[in-house]
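Atoms considered below: every heavy atom in the structure, side chains included; atoms not considered: hydrogens, waters and symmetry mates. Throughout, protein chains are lettered first and strands after them, A, B, ... in sequence-line order, and every chain is numbered starting at 1. Here the structure is a predicted model, which is why all the values come from computation and not from measurement.
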Protein chains: 2
Amino acid sequence: MSKSFINIKELAVALNLSTSTVSRAFRDKGDINADTKQYILDKAKELGYYPNIYASNLRDSKSRTIAVIMPELANNFFSLAVKGIERVAQANGYHTLIYVTDSLYQKEVEIVEDLYNGRVEGIIMSVSGEGNDHQYINKLKQSHIPLVFFDRVYDDIDVPKVITDDYDSSFKATEYLLNNHCDPVALLVIDKNVSIGNARMKGFVDAHKKCKVKLNENLVVDCSNDLEESCQIIKHTLLTYKPKAILASVERLATASYTVCLDEKIKIPEEVKIIGYSNLSIASLLNPSLSTITQPAEELGTKAAELLFDILKDKPLLQKEVVLEAEIIHRVSTTL
Amino acid sequence: MSKSFINIKELAVALNLSTSTVSRAFRDKGDINADTKQYILDKAKELGYYPNIYASNLRDSKSRTIAVIMPELANNFFSLAVKGIERVAQANGYHTLIYVTDSLYQKEVEIVEDLYNGRVEGIIMSVSGEGNDHQYINKLKQSHIPLVFFDRVYDDIDVPKVITDDYDSSFKATEYLLNNHCDPVALLVIDKNVSIGNARMKGFVDAHKKCKVKLNENLVVDCSNDLEESCQIIKHTLLTYKPKAILASVERLATASYTVCLDEKIKIPEEVKIIGYSNLSIASLLNPSLSTITQPAEELGTKAAELLFDILKDKPLLQKEVVLEAEIIHRVSTTL
DNA sequence: CTGTTAGCGCGTTCAC
DNA sequence: GTGAACGCGCTAACAG
């Protein structure tokens with residue numbers, strides 16, 4: 001840090017008091033005369049003294065800082081989630097570090113490893129590396145740094161999780177489509193292996209079973225993080241398999257589908273219906289208005305942060321897993 | 001922080017070496033035997049030793065942390081900007097703290113004051129409190145903590161700024177509308193006093209002068225941070241003054257205008273044209289597609305972060321003020 | 001190349 | 001109610 005102008009010793013000298021007395025003035029135990037305390041505080045303000053946070057951290061083994069690690073930030077879902085987290089942290093007098101992995105497992109590992117040293121008291125994470133080794137997470141336990149997952153989780157790691165019931169929402173959305181003559185329906189995912197993609201896929205598959213509709217494997221479509229590439233894949237799917245409906249597992253793929261349909265002059269919802277997981281506040285302003293499965297993103301973040309602070313405060317955890325409800329909102333894009 | 005299992009002393013004992021030798025193994029000066037270094041690193045890994053970051057911070061007066069302070073996070077512009085900042089920070093081996101003020105001046109002051117103590121080496125901020133006292137910013141200088149403004153700035157504070165030419169883009173957009181028989185045109189702002197709102201208003205006013213169109217003061221409309229309230233205000237403006245065009249100074253007000261027009265069955269662009277400052281990636285998917293003035297949000301963040309790191313590295317600053325260009329994209333909502 | 005020593009700034013004993 | 005002294009964990013001098 002850039003050196004603050006004055007430290008406790010200098011302030012003590014200026015006040016003709018001991019450093020311990022000065023220190024006491026900044027803590028809130030009644031072990032100091034009210035007058036001297038005020039005297040000290042006034043002088044401190046005058047001289048611009050602020051206790052060095054890192055010395056305190058070292059002394060107390062407390063950093064009052066948490067970390068949020070997520071695959072991306074610049075999207076409606078994650079920025080809302082972080083907003084919720086930051087708000088709770090601020091309310092608890094904590095600071096919030098953010099780390100974006102760009103969906104890269106290796107980056108996630110590096111970031112977490114950089115946190116073993118105690119920089120933060122706790123971590124809230126939405127994961128990037130399902131299908132990879134997760135042992136590095138366990139070292140966190142050794143360092144006594146609590147971890148809470150939200151939305152995208154590792155099922156094989158036993159930490160508190162805050163999620164929405166992706167299986168259920170996907171199942172319901174798919175069932176709705178199948179029951180309304182939208183066979184075949186295509187599922188667009190980013191990564192089948194990620195917990196989210198996985199649950200949403202299972203719901204999709206099981207809805208087919210329930211509706212006794214045979215599923216064409218080619219209609220579970222792995223897209224890309226790259227928009228251009230995804231559009232190509234979607235276009236190919238649309239032209240080749242002519243699905244009557246699309247279920248997009250992330251917002252980006254829903255809007256990409258719109259773009260493709262616009263380009264290819266495929267009419268929504270007449271020729272293809274579209275519904276997608278999305279936190280777009282203006283879904284109703286799209287052309288046509290987009291049907292959405294909307295997760296309570298901010299609440300997810302809030303809840304995850306609250307869980308983390310419960311742990312930090314040694315409160316007994318009521319639930320290891322919090323499942324919030326997603327809302328399915330049918331708009332014009334799935335109108336029959 | 002939660003105590004890491006083992007400290008340097010214990011590791012040194014386990015290795016039968018001195019702490020300074022151990023310390024050297026973790027730094028990258030060539031002042032240690034390669035073999036002993038490897039020996040130490042191996043043992044460290046085995047025992048799960050990680051240098052305590054706060055002890056290092058204290059020792060070196062370096063935190064390798066920066067702060068981002070902004071009015072809001074959950075919107076396209078700011079989340080993109082933060083993405084850019086975080087990326088640069090990560091590339092420099094720095095950590096990024098984020099703070100959201102909810103556009104509250106008082107919160108901004110509290111947050112900044114909480115940073116005087118040297119928690120961070122530098123601050124990147126988009127401000128919330130134009131029209132208030134900014135003296136508290138100057139204390140940062142006393143603490144030698146560099147500050148860079150982006151997008152929303154205090155003109156009376158002399159620190160590096162990364163902005164777009166809001167006056168220019170607003171002028172051009174307004175001029176376009178006035179030259180195409182869209183008189184009167186309404187300007188929607190959140191806060192006339194904020195630098196952004198101010199520059200965008202000046203451009204708006206001056207375009208009227210240039211086009212020799214008399215400006216109705218009632219058509220510079222102060223909206224709210226609350227969506228519902230803003231819609232009411234916009235509706236009132238639309239019904240009372242019947243503007244032929246709307247220039248929305250922030251994305252939220254553009255989409256709110258769409259919502260009002262949808263509700264009131266006012267046709268865009270036939271009855272009213274709409275253009276807005278926006279980073280919506282799907283502006284072209286709206287009904288009708290939205291004309292936008294788009295700022296290079298991520299680049300703004302990137303540039304601000306680069307400037308800050310230049311300062312931290314004592315590089316000479318080439319420019320006190322970086323002005324990036326916004327792009328005006330006309331779509332259907334301003335079609336004549 | 002390695003060990004010894006002396007703080008970084010603060011907060012908490014324990015005396016007085 | 002206040003001060004002296006120690007140590008949190010680490011690293012930079014300095015010596016050897």
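- A residue-by-residue look at Ser20(A) and Val22(B) shows that Val22(B) has its nearest nucleotide of DNA chain C further toward the 5' end.
- Nucleotide dC6(D) holds its C1' atom 15 Å from the CD1 atom of Ile8(A), rounded to whole Å.
- The phosphate of dT11(D) (OP1 or OP2) has a side-chain N or O of Arg27(B) nearer than 4.0 angstrom.
- Atom-to-atom, CZ of Phe26(B) to P of dG9(D) comes out at 15 Å; the value is rounded to the nearest Å.
- What you find for Tyr94(B) and Lys62(B) is that their closest heavy atoms are OH-NZ, 4.2 Å.
- Using a 4.0 Å cut-off, no side-chain N or O of Asn52(A) falls inside it from OP1 or OP2 of dG9(C).
- Note on Ser56(A): a side-chain N or O is less than 4.0 Å away from OP1 or OP2 of dG11(C).
- A distance-only check finds a donor-acceptor pair linking the side chain of Thr302(A) to the backbone of Glu298(A) [under 3.5 Å].
- Here the P atom of nucleotide dA5(D) and the NZ atom of Lys9(A) are 12 Å apart, to the nearest Å.
- Closest to the side chain of Ser18(A), out of dC8(C), dT12(C), dG3(D), is dG3(D).
- For Asp102(A) and Lys107(A), the salt-bridge test passes: some basic side-chain N is under 4.0 Å from an acidic carboxylate O.
- Among dC8(C), dC8(D), dT2(D), the nucleotide with an atom closest to any side-chain atom of Asn33(A) is dT2(D).
- In the interface, the side chain of Arg59(B) is not paired with the base of dG9(C) through any donor and acceptor atom under 3.5 Å apart.
- When rounded to the nearest whole Å, the span between CD1 of Ile40(B) and P of dC1(C) equals 13 Å.
- Applying the 4.0 Å criterion to OP1 and OP2 of dT2(D), one finds that Thr36(A) has a side-chain N or O inside that range.
- Contact annotation: Tyr49(B) side-chain N/O to dC10(D) OP1/OP2 distance is under 4.0 Å.
- Taking atom CG of Asp35(A) as the reference point, atom C1' of dT2(D) lies 14 Å away to the nearest angstrom.
- Distance alone, capped at 3.5 Å, places no donor-acceptor pair between the Ser23(B) side chain and the Thr19(B) backbone.
- What separates CD1 of Ile53(B) from P of dG9(D) is a distance of 14 Å, to the nearest Å.
- Within the nucleic acid shown, Asp31(B) comes within 4.0 Å of at least one base atom, counting heavy atoms only.
- Side-chain nitrogen and oxygen atoms of Thr21(A) include none within less than 4.0 Å of the OP1 or OP2 phosphate oxygen of dT2(D).
- With DNA chain D read from its 5' end, the first of the two nearest nucleotides for Lys37(A) and Thr19(A) is the one closest to Lys37(A).
- Look at CG on Asn16(B): it is 11 Å from P on dT4(C), rounded to the nearest Å.
- Side-chain contact between Ile111(B) and Gln90(A) is present, with heavy atoms from C-beta onward closer than 4.5 Å.
- In this structure, the side chain of Thr21(B) does not engage the main chain of Leu17(B) through any donor-acceptor pair within 3.5 Å.
- dG3(D) atom P lies 8 Å from atom CZ of Arg24(A), rounded to whole Å.
- The Lys29(B) side chain lies nearest to dA12(D) when the options are dC10(C), dT11(D), dA12(D).
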